[in-house]
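Data block below; observations after.
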Amino acid sequence: MILSVKPNPPEARSGGVIEADDITRFQRALSMLADSLSELRNVARHIMPETLTRYGVKTALSDLCHALPSVEFHHSGDDRRLDSKLEILLYRAAHELINNALKHAEATHINVRLLQTSDHISLTIHDNGKGFAPATTIKGTGLEKIRNNAAAHNGKLLIHSTIGKGTEIELKIEN
């Protein structure tokens, strides 16, 4: 008797018999693969969520922040859509900075503020985490990537952090 969990496994084609232990391992491997694919889809959604492309950075940031219990989002200024590359930069920077605050700074509260005016766009992430010494950040980190991407859009990254007192990072883009 030939048992197959998935159509045409090599053993079924060669006329071999699949043992019960092999079926269990195969099913476990399929389950792990399904979990990995699900996680990959989640990562892809966070890198480029549909709300970002359809509705813009304001809505995408609002959705991101509301999905996290310790994060508040505030927007002020214009509601206009921005250049798609700039929206992607702002969203990915916010995502990276929020993750840094939660993971490395162990923040329990984060404020995200997006200000859009006719002459500049400002994204500010303020947390109550443990802070760090900005002069000691290692090149190649997420902060350095954000700084480089900001510079490519005529912008700058301003970091204010005190050990034990939290961090405020502002990404400011001049129009």
Item to check | Side-chain (Thr117) to main-chain (His120) donor-acceptor, under 3.5 angstrom | outcome: yes

Item to check | Value rounded to 0.5 Å, distance of CZ in Phe132 from OG1 in Thr167 | outcome: 5.0 Å

Item to check | Spacing of CD1 belonging to Ile125 relative to CZ belonging to Arg113, to within rounding of 0.5 Å | outcome: 9.5 Å

Item to check | Donor-acceptor contact below 3.5 Å, side chain Asp127 vs main chain Ala101 | outcome: no

Next on the checklist: Quick check on Phe73: does its CZ atom have over 12 non-hydrogen neighbours (other residues, nucleotides or ligands) under 6.0 Å away?
Outcome noted: yes

Item to check | Working for side-chain hydrogen bond (donor to acceptor under 3.5 Å, both in side chains), residues Thr108 and Asn128 | outcome: CA-CA 7 Å; Thr108 58; Asn128 68 347; 2.7 Å; yes

Next on the checklist: Looking only at the side chains, is there a donor atom on one of His75 and Gln116 sitting less than 3.5 Å from an acceptor on the other?
Outcome noted: yes

Next on the checklist: To the closest 0.5 Å, what do you measure between CZ (Arg54) and CZ (Arg81)?
Outcome noted: 10.5 Å

Checklist entry - Are Asn100 and Thr141 side-chain neighbours, meaning at least one heavy-atom pair lies under 4.5 Å? => result no

Checklist entry - About how many Å separate CG of Leu171 and OG1 of Thr124, when rounded to the nearest 0.5 Å? => result 8.5 Å

Next on the checklist: What's the separation between atom NZ in Lys172 and atom OG in Ser122, rounded to the nearest 0.5 Å?
Outcome noted: 6.5 Å

Next on the checklist: Do Glu170 and His160 make a side-chain contact, defined as non-hydrogen atoms from C-beta onward lying under 4.5 Å apart?
Outcome noted: no

Next on the checklist: Does Leu64 form a side-chain contact (heavy atoms from CB on, under 4.5 Å) with His95? I'd like the steps, not just the answer.
Outcome noted: CA-CA 8 Å; Leu64 173 66; His95 192 268; 3.8 Å; yes

Item to check | Min side-chain heavy-atom separation Asp78-Ile121 under 4.5 Å | outcome: no

Item to check | Co-membership, hydrophobic cluster, residues Ile98 and Leu158, 4.5 Å side-chain | outcome: no

Next on the checklist: Can a donor-acceptor pair be found, under 3.5 Å and without considering hydrogens, that links the side chain of Thr59 to the backbone of Gly56?
Outcome noted: no

Item to check | Test: Asp83 and Lys85 ion pair at under 4.0 Å | outcome: no

Checklist entry - Does the side chain of Asp63 come within less than 4.5 Å of Leu61's, by heavy atoms? => result no

Item to check | Verdict with supporting geometry, Ile159 and Arg147, side-chain contact (heavy atoms from CB on, under 4.5 Å) | outcome: CA-CA 10 Å; Ile159 302 172; Arg147 180 177 280 121; 3.5 Å; yes

Item to check | Thr53 and Ser84, any side-chain heavy atoms less than 4.5 Å apart | outcome: no

Item to check | Lys58 vs Asp79 side-chain heavy atoms within contact, under 4.5 Å | outcome: yes

Item to check | In one Ile/Leu/Val/Met/Phe/Trp/Tyr side-chain cluster, 4.5 Å: Ile173, Leu157 | outcome: yes

Checklist entry - Would Leu143 and Leu97 satisfy side-chain contact (heavy atoms from CB on, under 4.5 Å), going step by step from the backbone distance to the final call? => result CA-CA 8 Å; Leu143 288 176; Leu97 295 170; 3.5 Å; yes

Checklist entry - Can you find a heavy atom in the side chain of Ile146 that is under 4.5 Å from one in the side chain of Glu96? => result yes

Checklist entry - Should Glu72 and His109 be marked as a side-chain contact (heavy atoms from CB on, under 4.5 Å) after you check the CA-CA gap, both sets of side-chain angles, and the distance that decides it? => result CA-CA 8 Å; Glu72 290 184 30; His109 189 77; 2.9 Å; yes

